Protein chains: 2
Amino acid sequence: MVGGTASAILDTAERLVQTRGFNGFSYADVATELSVTKASLHYHFPSKAELGESLIDRYSERFARALDEIDAELDTPGVKLDAYAGLYAEVLRDQRMCLCGMLAAEFETLPSPMREAIIRFFDLNEAWLQGILAQGRREGTLSFSGTPRDAARSIIDGLEGAMLVARARGDLARFRSTARRLVASVVGAG
Amino acid sequence: MVGGTASAILDTAERLVQTRGFNGFSYADVATELSVTKASLHYHFPSKAELGESLIDRYSERFARALDEIDAELDTPGVKLDAYAGLYAEVLRDQRMCLCGMLAAEFETLPSPMREAIIRFFDLNEAWLQGILAQGRREGTLSFSGTPRDAARSIIDGLEGAMLVARARGDLARFRSTARRLVASVVGAG
DNA sequence: GTCTATAGGCAGATAGAC
DNA sequence: GTCTATCTGCCTATAGAC
């Protein structure tokens with residue numbers, strides 16, 4: 001289990017990656033904010049690449065838990081999709097980009113273990129959404145063209161892009177507008 | 001007018017930003033590739049920030065010309081939208097992210113002049129798309145809910161997000177699938 | 001676990017010769 | 001316009017004391 005200091009390092013590094021990118025922050029940034037030395041950070045996370053892996057793993061696990069909660073607490077596919085979009089909205093409200101959306105932009109500069117963890121995050125999202133969409137189609141509460149997989153991908157792509165652009169423009173309403181349209185595109189007619 | 005060397009610098013730097021990000025390349029990278037020295041680059045573009053501004057300006061101008069060509073050569077709004085999505089697909093085929101989508105991710109780390117130029121790029125796209133959408137609605141060839149502006153934003157967001165994710169996954173087909181759905185969402189029923 | 005100190009490299013940028 | 005040489009600062013990372 002990750003101790004208190006390691007956890008605080010991850011919290012700070014996560015926020016810095018989500019706002020500035022993996023190539024836009026340094027150990028010095030994290031150390032200054034936590035009032036410790038860079039050497040101390042290296043004790044917990046020997047290299048920046050290992051810190052990056054830990055960040056993605058933790059983010060994915062937290063996201064997976066949030067999806068489990070949505071499944072446990074909400075009933076209809078339409079409401080679940082609203083809640084799913086709400087997860088992204090929460091991140092953006094903090095002026096942050098999705099961690100893995102940010103890292104996807106920097107993909108070419110990242111070590112392989114980080115790349116693979118990013119892919120797993122998107123797979124996780126796609127699999128969950130695909131399940132919700134397939135269920136909604138079976139029940140007749142959702143309607144969309146093409147496969148559940150393609151529809152799931154369009155929703156992920158749309159939410160990631162909406163975050164990317166809305167954050168740059170400082171326009172949370174823009175994200176909400178695009179998110180609403182995305183959900184409506186499968187809750188209404190296909 | 002930009003001379004031959006300056007133009008070659010812009011070409012190389014543009015590709016590096018689109019693949020690695022503004023914080024993921026250096027003057028040394030460009031200099032090595034062009035077989036000149038860093039000092040020579042600084043003669044043409046005194047600071048990296050000024051180089052960045054020039055990159056966005058040139059990219060926006062080229063994009064605006066492409067939109068003009070679409071207007072001049074194609075007839076119906078639906079076909080124009082397909083061509084618009086095709087502009088993004090061309091960029092992605094080169095394994096590149098949209099320049100301004102990439103810079104939007106790094107937005108927080110960029111100097112103000114670059115930020116403003118990025119916003120102008122998105123405004124340019126939005127205004128053009130909005131015009132196409134409004135025209136299509138008037139003529140009855142396009143159908144969508146909400147304002148042309150909101151529909152335009154959703155298309156931009158969707159294409160940028162599809163590029164972001166598809167490039168990381170090395171999956172051009174994924175981009176094409178999402179792009180097709182986006183266009184179909186306004187060419188078919190709203 | 002956290003520190004001081006430091007290594008070794010690369011970053012963006014400038015001076016001045018040619 | 002392009003070069004050599006150099007500056008200053010920050011980067012990731014390590015050694016070794018406490």
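Since we're looking at a predicted model, the values are computed, not measured.
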Show me the donor-acceptor pairs, under 3.5 Å and distance only, between side chains in residues 82-91 of chain A and residues at least two apart or in other chains.
| from | atom 1 | to | atom 2 | distance (Å) |
| --- | --- | --- | --- | --- |
| A:Tyr84 | OH | A:Tyr88 | OH | 2.8 |
| A:Tyr84 | OH | A:Asn125 | OD1 | 2.5 |
| A:Tyr88 | OH | A:Asn125 | OD1 | 3.3 |

Pairs under 3.5 angstrom only: tabulate donor-acceptor contacts from the side chains of residues 54-67 of chain A to other protein residues two or more places apart or in another chain.
| from | atom 1 | to | atom 2 | distance (Å) |
| --- | --- | --- | --- | --- |
| A:Ser54 | OG | A:Glu50 | O | 3.2 |
| A:Arg58 | NH1 | A:Asp11 | OD1 | 2.8 |
| A:Arg58 | NH2 | A:Asp11 | OD1 | 3.0 |
| A:Tyr59 | OH | A:Leu99 | N | 3.4 |
| A:Ser60 | OG | A:Ile56 | O | 3.1 |
| A:Arg62 | NH1 | A:Glu14 | OE1 | 3.4 |
| A:Arg62 | NH1 | A:Glu14 | OE2 | 3.3 |
| A:Arg62 | NH2 | A:Glu14 | OE1 | 3.4 |
| A:Arg62 | NH2 | A:Glu14 | OE2 | 3.0 |

For residues 162-172 of chain A, tabulate all N or O donor-acceptor pairs below 3.5 Å that involve a side-chain atom, not counting sequence neighbours.
| from | atom 1 | to | atom 2 | distance (Å) |
| --- | --- | --- | --- | --- |
| A:Arg167 | NH1 | A:Thr19 | O | 3.1 |
| A:Arg167 | NH2 | B:Ala104 | O | 3.3 |
| A:Arg167 | NH2 | B:Ala105 | O | 2.7 |
| A:Arg169 | NH1 | B:Asp123 | OD1 | 2.4 |
| A:Arg169 | NH2 | B:Asp123 | OD1 | 3.2 |
| A:Asp171 | OD1 | A:Ala173 | N | 3.2 |
| A:Asp171 | OD1 | A:Arg174 | N | 3.1 |

Q: Evaluate side chain to side chain contact (heavy atoms under 4.5 Å, CB included) for A:Met114 paired with A:Phe107, printing each intermediate quantity in order.
A: CA-CA 9 Å; A:Met114 285 185 68; A:Phe107 200 78; over 6 Å; no
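Annotation: salt bridge (Lys or Arg N to Asp or Glu O under 4.0 Å) contacts involving residues 20-46 of chain B, sequence neighbours excluded, comprise B:Arg15-B:Glu33.
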Per-nt protein contacts along nucleotides 4-11 of chain C (heavy atom under 4.0 Å; B base, S backbone sugar-phosphate only, - none) come out as B------S
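You'll find the side chain of B:Thr109 stays beyond 4.5 Å of the side chain of A:Asn23, heavy atoms only. Residues A:Leu133 and A:Arg137 have side chains not in contact (no heavy-atom distance under 4.5 Å, counting atoms from C-beta outward).
A 4.0 Å heavy-atom criterion places the boundary nucleotides of DNA chain D facing chain A at D:dC11 to D:dA15, written 5' to 3'.
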